[in-house]
Amino acid sequence: MTRATVASLDAMRRRLDEPSAEPVPGQLAVDGTDQLAVLSLFAGIGGIELGLERAGMAVVGQVELNSFGRRVLAHHWPEVPRHDDVRTVPEWWRSRPRPHVHVVAGGFPCQPFSVAGNQLGLADERWMWPAMADVVRHVRPDYVFVENVGNLVRDADAFGRVLGDLAAEGFDAEWAVLSAPEFGAPQAARERVYLVAHSQGLDGASRGGMGPSGDREAPLAARGLFGLSVAARGQAARKWLEAEPRVDRLVDGVPAQVDRIAAYGNAVIPAAAEHIGRLIVEDYRARVAA
């Protein structure tokens with residue numbers, strides 16, 4: 001590591017230790033409006049939050065075990081309450097009055113399924129879906145948004161456990177394995193599975209149909225999940241290239257020098273979270289209006 005790199009990292013750490021004077025672009029205040037409230041688990045450096053806020057949501061809680069990640073989150077979301085361990089979130093969340101959570105979002109550790117690892121699946125100590133499911137069970141959101149490596153769906157035991165746990169809590173789910181270019185990201189085909197689970201109803205009614213006769217399906221149930229249109233991908237790719245960070249041959253959709261290079265590999269693509277978030281908002285609004 002060169003002296004210039006060390007100096008740059010030291011300057012970054014000093015900057016992160018200072019609270020952000022202004023919200024990051026797309027950041028929304030929690031002001032009692034009708035924005036959907038998000039509780040983010042395994043938050044990392046905030047890729048999911050940035051995307052969901054751009055879709056019109058508001059972050060009301062963040063959970064991240066890594067200390068550097070929490071510093072990044074504190075710098076950009078200074079007013080949002082944070083916690084470290086997903087396994088103790090139910091107690092933390094009940095410890096004081098909290099807003100209703102519309103969306104629990106998170107990408108639990110992918111190492112048990114990644115082709116770069118040993119693919120131990122349920123036997124891996126980093127299998128953290130049960131902890132996320134426990135949060136869903138206690139918080140009772142309207143939606144659950146999960147991101148993970150595409151290989152998760154090929155593990156029948158693990159993915160079956162995810163779907164089974166969600167069904168036991170009254171959720172149906174839509175999912176798709178999509179690559180980074182399908183969100184306009186000028187990267188190699190970085191495949192991820194995106195899953196959105198929707199509860200039985202905003203007011204206890206069935207989510208299978210809408211309208212007085214229940215003859216129309218809600219948007220998510222009717223169309224599922226999908227990437228951007230071909231035209232929109234080209235436009236998004238141009239925006240990505242204009243904001244390319246100052247790291248050689250790396251395009252990730254995260255502004256330059258937000259985090260250390262080690263955090264890039266775990267970051268969720270904000271453009272993907274934004275697109276999925278817009279699908280959730282559309283579904284929610286259609287159900288409220290029905």
Do [X] and [Y] have side-chain heavy atoms sitting under 4.5 Å apart?
| X | Y | answer |
| --- | --- | --- |
| Leu41 | Phe108 | no |
| Val104 | Met132 | yes |
| Leu279 | Leu225 | yes |
| Thr88 | Glu91 | yes |
| Met128 | Arg87 | yes |
| Val86 | Phe42 | yes |
| Val135 | Trp93 | no |
| Arg154 | Phe113 | no |

Output yes when a side-chain donor or acceptor of [X] lies under 3.5 Å from a complementary backbone atom of [Y], and no otherwise.
| X | Y | value |
| --- | --- | --- |
| Arg126 | Pro109 | no |
| Arg223 | Ala218 | no |
| Asn148 | Gly107 | no |
| His138 | Asp134 | yes |
| Asp84 | Leu65 | no |
| His76 | Leu50 | no |
| Glu64 | Gly44 | yes |

Exercise. Would Asn66 and Ile45 satisfy side-chain contact (heavy atoms from CB on, under 4.5 Å), going step by step from the backbone distance to the final call?
Worked result: CA-CA 9 Å; Asn66 180 269; Ile45 57 173; over 6 Å; no
For this session: Give every residue pair that meets the salt bridge (Lys or Arg N to Asp or Glu O under 4.0 Å) criterion with at least one member in residues 267-278, sequence neighbours excluded.
Result: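 Every salt bridge (Lys or Arg N to Asp or Glu O under 4.0 Å) pair that includes a residue of residues 267-278, provided the two are not neighbours, is Glu274-Arg278.
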Problem set entry | Qualifying salt bridge (Lys or Arg N to Asp or Glu O under 4.0 Å) pairs with a residue from residues 93-104, counting only residues at least two apart or across chains |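 Found none.
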Distance check, rounded to the nearest 0.5 Å: [X] atom [atom1] versus [Y] atom [atom2]?
| X | Y | atom1 | atom2 | answer |
| --- | --- | --- | --- | --- |
| Leu36 | Leu52 | CG | CG | 9.5 Å |
| His275 | Ile269 | NE2 | CD1 | 12.5 Å |
| Glu174 | Leu220 | CD | CG | 6.5 Å |
| Ile48 | Ile276 | CD1 | CD1 | 10.5 Å |
| Arg137 | Glu169 | CZ | CD | 5.0 Å |
| Leu195 | Phe145 | CG | CZ | 9.0 Å |

Determine the minimum heavy-atom distance between [X] and [Y], stating which atoms define it.
| X | Y | result |
| --- | --- | --- |
| Ala55 | Val281 | O-CG2, 3.7 Å |
| Ala105 | Val38 | CB-CG1, 4.3 Å |
| Val60 | Leu39 | CG2-N, 4.4 Å |
| Gly227 | Leu178 | N-CD1, 4.0 Å |
| Val149 | Val193 | O-CG1, 3.4 Å |
| Gly56 | Gln35 | O-CG, 3.5 Å |

Exercise. In terms of heavy-atom contacts, does CZ of Arg285 have more than 12 from other residues, nucleotides or ligands at under 6.0 Å?
Worked result: no
Looking at the rings of [X] and [Y], which for Trp means the six-membered one, are their centres under 6.0 Å apart?
| X | Y | result |
| --- | --- | --- |
| Tyr284 | His102 | yes |
| Phe183 | Tyr194 | yes |
| Phe159 | Trp129 | no |

For this session: Show your reasoning for whether side-chain contact (heavy atoms from CB on, under 4.5 Å) applies to Tyr143 and Phe171.
Result: CA-CA 8 Å; Tyr143 297 88; Phe171 289 90; 6.0 Å; no
For this session: Could you check Val196 against Val144 for side-chain contact (heavy atoms from CB on, under 4.5 Å), going step by step and ending with a plain yes or no?
Result: CA-CA 6 Å; Val196 175; Val144 181; over 6 Å; no
Are a donor atom and an acceptor atom from the side chains of [X] and [Y] found within less than 3.5 Å of each other?
| X | Y | answer |
| --- | --- | --- |
| Glu53 | Trp77 | yes |
| Ser179 | Glu182 | yes |
| Glu49 | Ser40 | yes |

Problem set entry | Full working for side-chain contact (heavy atoms from CB on, under 4.5 Å) between Ile280 and Met57 | CA-CA 10 Å; Ile280 294 173; Met57 302 188 192; 3.9 Å; yes
Exercise. Taking the inter-plane angle between the rings of Trp92 and His83 on a 0 to 90° scale, is it parallel (under 30°), tilted (30 to 60°) or perpendicular (over 60°)?
Worked result: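 Answer is parallel, since the angle falls under 30°.
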Exercise. Between Asp157 and Arg161, is there a side-chain N and carboxylate O pair less than 4.0 Å apart?
Worked result: no
For this session: List in chain and number order the residues that pass side chain to side chain donor-acceptor pair (under 3.5 Å) with Trp175, two or more places apart in sequence or in another chain; answer none if no residue qualifies.
Result: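 Trp175 satisfies side chain to side chain donor-acceptor pair (under 3.5 Å) with no other residue.
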